[in-house]
Amino acid sequence: MRVLIKSALLFHPSHPLHGKKTDILIADGIILRIGDAIEDDSARVVSSGNLCVSAGWVDCFANFCDPGEEYKETLESGAKAAAAGGYTDVMIVPNTTPEIQNKSQVQYVMEKSRSTHVNIHPIGAVTVKTAGEQLTEMYDMASSGAVAFSDGLKPIQSSGIMQKALEYLLAIRGVLIQLPDDNTIGTHGQMNEGVVSTRLGMQGKPALSEELMIARDIELVRYTQSSVHFTGVSTAKSIALIDAAKKEGLNVTCSVTPYHLCFCDEDLADYDTTLKVNPPLRTAADRDALREAVKSGVVDCIASHHLPQDYDHKVCEFEKAAFGMETLESVFGAIRSGGISADRFVEMQTQKAREIFGLSPVDIKEGAKAVLTLFDPDCEYVFSESDIQSMSKNNGFVGKTLKGKVIGIINKDGLFLSDTK
């Protein structure tokens, strides 16, 4: 397949044409030419008034529910949602049935990924059945293709297990991803504990449950000298703890979700179940602190926390609704609407994410493989359910005006446009 990208603004700091418009000719997945006024009658032309191109984006925390809950999402449908959101690479959590906890489950994901538009990278479970009690054979999974390790949606509660896992991963230079939440605090919380939860008569989940876990794990990183990536960080104090750890030189990185950057607990006033997430939406002050942390570089990347839920688990009473939001197609528009520049977003989702998790770097040069994301950073549009390619529709940005639209990706020798159904 031949593709000609016409007059696209290049986002690639190491390239001499960074920040300039150029043409890119691609054939069979290889970049043949980069320059001005390229013509090729046999190529499919991609152009638009404000077309931009960058290295392919990476998402570090998504749930594709396969195997076990394929009625919510499959690897194939999740890949379509990711491609529509501009992602060429997605790291998926191990919370499937069975869990991604051994060599065969890693290979299952890797094999099915071959036929999808995106590169799906399995995150191996730290403990057996993500139960937090017994370590898995992480070395075998790393050798088979696991790019990081985590118990995903089930944070590691035991300090002893966490210490052993960090020491184990130090030997194989692995990164442990932790969703910080002490589940003994605010166990039955439905939303952030505060003035809004009191007014709505809802059980609250205090910020303390997150901040205590982050403080504990930073101490364990200091002791083991290993690496932790905190994801779903949602409070201003959490950001301050992580910032201090970074300044100390500890191997600590973090990511935030698009919905924590755009919503706050006040948006739950009408009990919108699509906004029931974990960690919960915090205060407006916390939201604003996260935005500033993204701009300043304390936050390393954006994690979609794509968590599809079926209709019955979301269209019900708030107390009975499941946690989680379908997000992949709306991440870029949400982030831009939250005041984050396209340059900053691209830096986080290309260079920084690949550095943290040891993914192969992407270069945009003649002779290199084409792993590209095409987008318009300033296009304003109303995000609708028709924009969702996931099997699930529980996206809190439906009906919202977003800024920044993905046009498509070029990956694995093919072109995928985001409006392809």
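Atoms considered below: every heavy atom in the structure, side chains included; atoms not considered: hydrogens, waters and symmetry mates. All figures in this text were calculated on a predicted structure; none of them were measured in a lab. Residues take their numbers from the sequence shown, with the count starting at 1.
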*Verify salt bridge (charged side-chain N to carboxylate O under 4.0 Å, His left out) between K112 and D66, making sure each step is shown before the conclusion.*
CA-CA 10 Å; K112 293 197 76 173; D66 180 354; 3.5 Å; yes

Taking everything shown except [X] itself, do over 12 heavy atoms lie less than 6.0 Å from its [atom1]?
X	atom1	value
K369	NZ	no
Y223	OH	no
E248	CD	yes
K103	NZ	no
D41	CG	no
K246	NZ	yes
Y139	OH	no

_Restricting to ring pair (Phe, Tyr, Trp, His ring centres under 6.0 Å), what partner residues turn up for Y108, sequence neighbours left out?_
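Listed in chain order: nothing, the list is empty.
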
*Sequence-distant partners of H117, ring pair (Phe, Tyr, Trp, His ring centres under 6.0 Å), two or more places apart*: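 Ring pair (Phe, Tyr, Trp, His ring centres under 6.0 Å) check on H117 returns F416.
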
From [X] [atom1] over to [Y] [atom2], what is the distance, rounded to the nearest 0.5 angstrom?
X	Y	atom1	atom2	result
Q134	T127	CD	OG1	9.0 Å
L208	K237	CG	NZ	7.5 Å
D413	I410	CG	CD1	11.0 Å
S304	E326	OG	CD	9.0 Å
L328	H305	CG	NE2	11.5 Å
I100	S144	CD1	OG	12.0 Å

May I ask you to test the [X]-[Y] pair for a side-chain heavy-atom distance under 4.5 Å?
X	Y	value
C60	C301	yes
S392	Q309	no
P279	L179	yes
M213	Q157	yes
T327	Y259	yes
R336	D378	yes
D217	L176	no
V58	Q349	no

*Quick one: which residue pairs count as a salt bridge (charged side-chain N to carboxylate O under 4.0 Å, His left out) with a foot in residues 302-315, not counting sequence neighbours?*
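Qualifying pairs, neighbours excluded: none.
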
_Pairs involving residues 1-18, ordered by first then second residue, that meet salt bridge (charged side-chain N to carboxylate O under 4.0 Å, His left out) (sequence neighbours left out)_ =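 Passing the test, one end in residues 1-18: R2-D40, K6-D23, K6-E39.
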
Which donor-acceptor pairs under 3.5 Å do the side chains of residues 396-408 make with protein atoms, sequence neighbours left out?
none

Going by side-chain hydrogen bond (donor to acceptor under 3.5 Å, both in side chains), name the residues that satisfy it together with [X], two or more places apart in sequence or in a different chain.
X	result
S330	N395
E266	none
S390	E73

*Would Y168 and F149 count as a close aromatic pair, with their ring centres under 6.0 Å?*
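Y168 vs F149: aromatic centres not under 6.0 Å.
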
*Taking the six-membered ring for Trp, is the centroid-to-centroid distance between H229 and F357 below 6.0 Å?*
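Centroid separation for H229 and F357: below 6.0 Å.
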
Within the 3.5 Å criterion, strictly below it, is a donor on [X] or [Y] matched to an acceptor on the partner's side chain?
X	Y	result
K276	Q190	yes
T235	R282	no
D140	S143	no
S255	T231	yes

*asked:* Below 30° counts as parallel, above 60° as perpendicular, anything between as tilted: where do the rings of W57 and F332 land?
replied: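 Tilted: the ring planes of W57 and F332 meet at 30° to 60°.
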
*Could I get the full list of side chain to side chain contact (heavy atoms under 4.5 Å, CB included) partners for N102, not counting sequence neighbours?*
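Counting only residues at least two positions away or on another chain, N102 forms a side chain to side chain contact (heavy atoms under 4.5 Å, CB included) with S104, Q105.
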
_Going by side chain to side chain contact (heavy atoms under 4.5 Å, CB included), name the residues that satisfy it together with E292, two or more places apart in sequence or in a different chain._
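K295.
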
*Do D182 and R216 meet the salt-bridge criterion of a basic N to acidic O distance under 4.0 Å?*
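D182 and R216: not salt-bridged.
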
How close do [X] and [Y] get, heavy atom to heavy atom, and via which atoms?
X	Y	value
N394	G324	ND2-O, 3.2 Å
L372	T88	O-CG2, 3.8 Å
A207	N192	N-OD1, 4.4 Å

_Residue pairs, two or more places apart or on separate chains, that pass side-chain hydrogen bond (donor to acceptor under 3.5 Å, both in side chains) and touch residues 337-347_ =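 Sorted pair list: R344-E347.
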
_Just to verify, what does K72 make a salt bridge (Lys or Arg N to Asp or Glu O under 4.0 Å) with, not counting sequence neighbours?_
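So K72 forms a salt bridge (Lys or Arg N to Asp or Glu O under 4.0 Å) with E69.
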
Do side-chain atoms of [X] reach the backbone of [Y] as a donor and acceptor pair under 3.5 angstrom?
X	Y	value
H15	I364	yes
D300	C254	yes
T136	V126	yes

*For side chain to side chain contact (heavy atoms under 4.5 Å, CB included), just list the numbers for E210 and D181, CA-CA rounded to whole Å, side-chain angles, deciding distance to a tenth of an Å, and then say yes or no.*
CA-CA 5 Å; E210 174 180 315; D181 180 17; 6.0 Å; no

_Check against side chain to side chain contact (heavy atoms under 4.5 Å, CB included), D267 and D272_ = CA-CA 8 Å; D267 293 303; D272 183 355; over 6 Å; no

*Going through the distances and angles, do L153 and F323 end up as a side chain to side chain contact (heavy atoms under 4.5 Å, CB included)?*
CA-CA 10 Å; L153 305 175; F323 290 96; over 6 Å; no

_Option among L17, V346, D363, T350 that satisfies the side chain to side chain contact (heavy atoms under 4.5 Å, CB included) test with H12_ =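 Testing each of L17, V346, D363, T350 against H12, the sole residue satisfying side chain to side chain contact (heavy atoms under 4.5 Å, CB included) is D363.
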
*Stepwise, does the side chain to side chain contact (heavy atoms under 4.5 Å, CB included) test hold for V294 with M348?*
CA-CA 9 Å; V294 171; M348 290 189 293; 3.6 Å; yes

